[in-house]
Protein chains: 2
Amino acid sequence: MARISIRDVAIHAGVSVGTVSNVLNRPNLVAEATRERVQASIGELGFVRNETARQLRQGRGHILGVVLPTMSNPHFTEVGRAAEEAMNADGFDALWCTSDGSRAKEQRCLDFLEEQNVSGVLISPLDLDEDRVAELHGHGLAVVLLDRVGVRVCSVGADHRAGGALAARHLLTRRHRRLLFVTGPLSARPVRERHHGAVRAALNAGLTERDLTTFEQAEMTAAAGQAAAVRLLTLDPLPTGVFCANDLLALGLVNELVRAGVKVPAEISVVGYDDIDLAATAVVPLTTVRQPRAELGRTATELALAETGDPEHHDHRQVVLSPELIVRESA
Amino acid sequence: MARISIRDVAIHAGVSVGTVSNVLNRPNLVAEATRERVQASIGELGFVRNETARQLRQGRGHILGVVLPTMSNPHFTEVGRAAEEAMNADGFDALWCTSDGSRAKEQRCLDFLEEQNVSGVLISPLDLDEDRVAELHGHGLAVVLLDRVGVRVCSVGADHRAGGALAARHLLTRRHRRLLFVTGPLSARPVRERHHGAVRAALNAGLTERDLTTFEQAEMTAAAGQAAAVRLLTLDPLPTGVFCANDLLALGLVNELVRAGVKVPAEISVVGYDDIDLAATAVVPLTTVRQPRAELGRTATELALAETGDPEHHDHRQVVLSPELIVRESA
DNA sequence: GCAAGATCGTGAATCGTTTCAAGGTACGCT
DNA sequence: AGCGTACCTTGAAACGATTCACGATCTTGC
């Protein structure tokens, strides 16, 4: 029942603990015969390295924290997956945390990660707390902000303003003149930027405030999108083009419109954001703004790893990636 | 830059490390004045407990691993979320791992968790490796199987056979006599059981093998569901009732059918499985078999915690929960 | 004024690793 | 024989916390 330690292995193999450790970490220093004997003992006893002790000795674990606002939106889990893959390739592991939309939970995640002695954190913050980030950073953790630029840390994100503009301009080229923007909470910066980008583009194209309506939904889920559709249908005159701040909203909205007998895109066109897998298989395949998810995750990991690798002279980079309009059928 | 340790705090506050530890863990043993002084130093220095060292000393961390086959299916992330909530309530934290459909990755997850010294693991195994489970268990970890019963460990799952039967019987009561079953890989037990349950129910109701078609999709995604729909439409005669092994498949399938001009449920009825959030907001709100997700996760945590609490005389329980048919519009 | 408790604080041992200076052996070379 | 080199192996000192037996100091009661 008691856990097998390196010491047990050493005794069993008739060598010192140092040698067992060498077999584990620098096998080339150990004579072949010895090495095999030790390996055999390891197998026989079912020894599993205690990473906890190893970390303690080594200072920091080979672990990066990943803090996401939710696991229910495939966009985020995919970014995380790409990040994790990149870590694994470098011998690091991911520690996933979810803030679940709560600032308090987000703090708990960060505390947890810091206590767990991770060497860095990739975080998609709800609402950037610069001080907390500085603190983390001061404690020697590499911090990479996802979708948010911060002072004095690395960050990687897509250009949401450009993305919003992309969506709006697409609707405008299709001659839509009455637009509805269905956003999430504007307190969240990426959401706000998508919205501003879209509004700006519309205004630049000669539309006026009166041509624009905004629904600010509390959640960015399909259910919220559905609710938005219901509300949309009470508008008079009806908008002909809708931009949703993410695909989940767009999916719920389109579904409800179709159910109500509205033809998409003939009567109302809809553009989403993110290009999650579900977008392509929707009833009306969704025209949407694709975020370079895999690149986002991968780059975030790279930045974090670069910083942990050489914290001394590391200059923080702000990587901003370009979103891409994916035209399908909904607009 | 160097991490602040309990020793630094002790020096700063002019006490011994033992006292600082007491402030942290048994504050009642420390005089109020001292306690406050230490607390002040902790705040001032920005001390963060090194959970790694604590774990080393204490034997096992207050962490439970959660191994899921994918983060892209909301069903699993929701189960995980419920499990995590229950852990948090008991002072435990969750360590999330994804096997991503690969047996090898699953092994890596388990190795990782064991090295991390977690005190237990909740696992939704791809394909149960009894030996590995026994090994984990032998190493003193509490193991709880999700959706799979195993020998000599706790498990909690829904009754998939009953769920499959529920779905099939619903189609049968609606007078469907030509059924299509769109399943995932039948090598996965829960999938197989859903299928068997459905087939059995159909046969019992007097249908023959010739009335039943099965598509075994490699993935259980909306894209796979879409592909299944395309193939479905080549069938002659067309089935009138379809049971999909999960909601993602069903969603993709329904969407494609609707796109092709097929009326759901009038011409073809579809039943899904899981009742993920998206099911309710689909174009044709999905009739589906709900799994008690929250209860599943919560119960799994409870079982694991019970075992870690008192490993000596703990009898392993096999909890099986009942699925429930949710009738909406698709069938 | 003193013994017996009660109340606090200390310091060393410990958890399982890694690391590294130092010790052994064997071998070849002069 | 003596010495230098290579090659292996050892043992002890960390890492940062917790725990616990033991002192030190203060009360209290007689």
Side-chain angles (χ1 to χ4, degrees), chain A residues 1-39 41-42 45-63 91 111-112 114-119 139-140, chain B residues 1-39 41-42 45-63 91 114-119 139-140:
Chain A
M1 204 64 182
R3 194 169 172 154
I4 303 295
S5 80
I6 213 179
R7 157 166 248 115
D8 301 313
V9 175
I11 293 172
H12 186 269
V15 296
S16 73
V17 299
T19 299
V20 177
S21 178
N22 280 337
V23 170
L24 258 23
N25 303 298
R26 293 113 92 204
N28 56 309
L29 291 190
V30 181
E32 181 161 344
T34 316
R35 198 187 324 142
E36 280 170 3
R37 195 148 36 92
V38 172
Q39 293 284 18
S41 297
I42 288 179
L45 299 178
F47 166 75
V48 175
R49 199 206 236 117
N50 186 333
E51 193 60 31
T52 266
R54 176 186 166 85
Q55 276 184 34
L56 174 59
R57 177 60 232 245
Q58 293 201 320
R60 279 217 185 281
H62 279 194
I63 299 192
D111 291 345
F112 173 65
E114 207 178 338
E115 289 175 356
Q116 289 300 320
N117 213 16
V118 300
S119 41
H139 288 2
Chain B
M1 204 64 183
R3 189 166 176 155
I4 303 295
S5 79
I6 211 179
R7 156 164 249 117
D8 302 312
V9 174
I11 293 172
H12 186 270
V15 297
S16 73
V17 300
T19 299
V20 177
S21 177
N22 280 338
V23 169
L24 259 24
N25 303 297
R26 293 113 92 203
N28 57 307
L29 291 190
V30 181
E32 183 161 342
T34 317
R35 200 190 319 145
E36 279 170 3
R37 196 149 35 93
V38 172
Q39 292 285 17
S41 297
I42 287 179
L45 298 177
F47 166 76
V48 175
R49 202 208 234 113
N50 186 331
E51 194 59 32
T52 267
R54 176 186 166 82
Q55 274 184 37
L56 175 57
R57 179 58 232 249
Q58 293 202 319
R60 279 218 186 281
H62 279 192
I63 298 191
E114 206 177 340
E115 288 175 357
Q116 289 301 320
N117 213 17
V118 300
S119 41
H139 288 0

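Since this is a predicted model, take the numbers as computed values, not measurements. Naming convention: chains lettered A, B, ... in sequence-line order (proteins, then strands); numbering from 1 in each chain.
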Rounded to the Å, how far apart are [X] [atom1] and [N] [atom2]?
| X | N | atom1 | atom2 | result |
| --- | --- | --- | --- | --- |
| A/Asn28 | D/dT9 | CG | C1' | 14 Å |
| B/Leu29 | D/dC20 | CG | C1' | 11 Å |
| A/Asn22 | D/dT10 | CG | C1' | 10 Å |
| A/Glu36 | D/dC8 | CD | P | 13 Å |
| B/Ile6 | D/dA17 | CD1 | C1' | 6 Å |
| A/Ile11 | D/dG11 | CD1 | C1' | 14 Å |
| B/Leu56 | D/dC15 | CG | P | 14 Å |
| B/Asn50 | D/dC15 | CG | C1' | 9 Å |

Mapping B/Gly18 and B/Ala53 to their closest nucleotides on DNA chain C, which lands nearer the 5' end?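 With B/Gly18 and B/Ala53 compared, the 5'-side residue is B/Gly18.
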
DNA chain C: 5'-most and 3'-most nucleotides touching chain A, 4.0 angstrom heavy-atom criterion: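 The footprint of chain A covers C/dG16 to C/dT19.
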
When all nucleic acid strands are considered with a 4.0 Å heavy-atom cut-off, which category describes [X]: base, sugar-phosphate, or nothing?
| X | answer |
| --- | --- |
| B/Thr52 | nothing |
| A/Val30 | sugar-phosphate |
| B/Ser5 | sugar-phosphate |
| A/Val48 | sugar-phosphate |

From the set D/dT19, D/dT10, D/dA13, return the single nucleotide nearest to any side-chain atom of A/Arg57.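 That would be D/dA13.
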
Measure the [atom1]-[atom2] distance between [X] and [Y] for me, rounded to the nearest 0.5 Å.
| X | Y | atom1 | atom2 | answer |
| --- | --- | --- | --- | --- |
| B/His62 | B/Gln55 | NE2 | CD | 9.0 Å |
| A/Thr52 | B/Gln58 | OG1 | CD | 11.5 Å |
| A/Leu24 | A/Ile42 | CG | CD1 | 5.0 Å |

Shortest non-hydrogen separation from B/Val48 to B/Arg3 and the atoms involved: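 For B/Val48 and B/Arg3, the tightest heavy-atom pair comes out as O-NH2, 3.3 Å.
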
So does A/Thr19 get a side-chain nitrogen or oxygen closer than 4.0 Å to the phosphate oxygens (OP1/OP2) of D/dT10?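 Affirmative; the distance criterion is met.
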
